[in-house]
Amino acid sequence: MIEIFKYLFLGMIQGVTEALPISSSGHLLIFKKLLNVEADFDTLAIITNFGSLLAIIFVFRKDIIRLIKNFFAYLFKNNKQAKYDFRYCILLIIACIPAGLVGVIVKKLDLLNAIDNNVKIVGISLLITAIMLFLIRNFDGIKDDKNLRPMDALKIGLFQIAGIFPGISRSGSTIVGGMYSGLNRDTAFKFSFLLYIPMSLAAAILEIKDLLDASISSTMWLYYILATIVAFIFTLLVIRWFRKIVNEGKLGYFSIYCLIVGLLVVIFL
């Protein structure tokens, strides 16, 4: 029974931290160590992340359906009214390219294997996240969805590369990239989480083979599924709250949080 509660708690950690700019992978690794959970970290992260992905898809479902519908309406029927959404999809694709290429290289060469379970590195990465969030805490650009340019998307994609490393928040780095590019807060938030969807799906596809090859007992599958359900619920609950926080210009609070947690991890773990 204690083990079940551990995995439920880890699912909550995944759900809450995926929606916030404080690194879900970093927090998952920290609490996995603190709770002395023996599950393979990569497997745990992949499966619980799927719960967060479903929650984010649900939150943005209307935008996703509209973008997909209008993308193909413009591509095949040259529907002029769909041109804006077609362009937005192209910008999302452009933003995927930098981290996508780096992610494939990192995966093929197994470059993160040496640091994946290193909590000290997570602490250092959280300090980097704290600095990034602090630097843009008062930013609020003037660009909205209609003013997004390919160079803006590319900048956000380059910032997203940092999110590959455990402890550096993916949402934090892309929101920082968006604000640095002059996007207003809500536009940066929306683009960041819509960008998360194809990137997360691509990462999951790359990991499917390893997941299928892994020897996972029925008991462990139960733990993973329960953690994933909890991750879905908490991501759903927190993401709307976080959008409000971003629009109110309160990212500085997360900078302080990452600074404190990063220092504690570096010093004590």
Side-chain angles (χ1 to χ4, degrees), residues 9-37 41 44-45 48-49 52 99 112 114-141 155-186 188-189 191-193 195-196 231 234-235 237-269:
F9 183 77
L10 288 173
M12 182 192 72
I13 292 298
Q14 163 63 32
V16 170
T17 56
E18 187 62 65
L20 301 178
I22 56 177
S23 178
S24 59
S25 61
H27 278 75
L28 205 58
L29 183 57
I30 291 168
F31 282 98
K32 176 183 177 295
K33 182 178 178 65
L34 289 174
L35 296 173
N36 195 29
V37 174
F41 173 71
L44 177 65
T48 55
N49 182 71
S52 293
L112 292 182
I115 66 173
D116 263 350
N117 290 293
N118 192 320
V119 180
K120 295 289 187 186
I121 291 179
V122 169
I124 295 170
S125 297
L126 283 170
L127 295 177
I128 294 172
T129 298
I131 293 170
M132 289 195 301
L133 293 174
F134 179 79
L135 291 175
I136 55 89
R137 67 195 185 283
N138 295 321
F139 278 30
D140 190 13
K155 286 180 183 177
I156 295 170
L158 290 171
F159 270 87
Q160 186 172 222
I161 292 174
I164 293 174
F165 298 91
I168 297 183
S169 168
R170 188 217 60 84
S171 63
S173 61
T174 50
I175 289 173
V176 167
M179 291 185 176
Y180 178 74
S181 300
L183 275 59
N184 66 47
R185 291 165 181 160
D186 196 61
F189 173 91
F191 194 85
S192 171
F193 280 95
L195 180 59
Y196 165 85
F234 275 89
T235 302
L237 292 173
V238 174
I239 191 170
R240 290 187 175 94
W241 172 77
F242 178 53
R243 188 171 197 166
K244 182 181 178 182
I245 292 297
V246 172
N247 287 329
E248 291 176 351
K250 296 180 178 178
L251 284 175
Y253 292 121
F254 296 106
S255 173
I256 296 170
Y257 172 84
C258 288
L259 175 64
I260 294 171
V261 174
L263 289 173
L264 289 174
V265 170
V266 170
I267 295 169
F268 296 108
L269 293 181

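Closest approach of G172 to P21, counting heavy atoms only: CA-CB, 3.5 Å. For the pair A231 and T48, the tightest heavy-atom approach, listed with the atom from each and the gap, is CB-O, 3.6 Å. Here the shortest heavy-atom pairing between V119 and V265 reads O-CG1, 3.2 Å. Looking at every heavy atom in both residues, F41 comes nearest to K32 through N-CE, 3.9 Å. Minimum interatomic distance between I124 and V266 (heavy atoms only, all atoms of both residues): N-CG2, 3.8 Å. A pairwise comparison of heavy atoms in L29 and V122 identifies CD2-CG2, 3.6 Å as the closest pair.
Using a 4.5 Å heavy-atom threshold, the side chains of F254 and I245 count as touching. Between W241 and L20 the shortest side-chain heavy-atom distance falls below 4.5 Å. Looking at I156 and L183, their side chains come closer than 4.5 Å, going by heavy atoms from C-beta outward. You'll find the side chain of L263 stays beyond 4.5 Å of the side chain of F268, heavy atoms only. Between I168 and M132 there is a side-chain heavy-atom pair separated by less than 4.5 Å. Proximity of I22 to S169: side-chain heavy atoms (C-beta onward) are nowhere separated by under 4.5 Å.
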Given the rule in the side chain to side chain contact (heavy atoms under 4.5 Å, CB included) test, do T17 and F31 qualify, once you have shown the distances and angles that lead to the verdict?
CA-CA 12 Å; T17 56; F31 282 98; over 6 Å; no

What do the steps show when you test M179 against I175 for side chain to side chain contact (heavy atoms under 4.5 Å, CB included), and what is the final call?
CA-CA 6 Å; M179 291 185 176; I175 289 173; 3.8 Å; yes

Can V238 and E18 be said to form a side chain to side chain contact (heavy atoms under 4.5 Å, CB included), step by step?
CA-CA 9 Å; V238 174; E18 187 62 65; over 6 Å; no

The test is side chain to side chain contact (heavy atoms under 4.5 Å, CB included); show your working for L34 and L269 and say whether it passes.
CA-CA 9 Å; L34 289 174; L269 293 181; 3.8 Å; yes

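A donor-acceptor pair under 3.5 Å links the side-chain atoms of N247 to the main chain of D186, judged by distance alone. Without hydrogens or angle criteria, R137 side chain to F134 main chain gives a donor-acceptor distance under 3.5 Å. Under a 3.5 Å cut-off, the side chain of R185 and the backbone N or O of F139 do form a donor-acceptor pair. For the pair K155 (side chain) and G177 (backbone), a donor-acceptor distance under 3.5 Å is absent. Side-chain atoms of R170 come within 3.5 Å of backbone atoms of S192 as a donor-acceptor pair (strictly under, hydrogens ignored). T129 places a side-chain N or O within donor-acceptor distance of the main-chain N or O of G167, the cut-off being under 3.5 Å. In this structure, the side chain of S255 engages the main chain of A130 through a donor-acceptor pair within 3.5 Å.
When the shell of 6.0 Å around NZ of K120 is examined, it contains more than 12 heavy atoms from other residues, nucleotides or ligands.
The aromatic rings of F193 and F189 sit tilted relative to each other, their planes meeting at an angle between 30° and 60°. Using the six-membered ring where Trp is involved, Y180 and F159 have ring planes that are tilted, between 30° and 60° apart.
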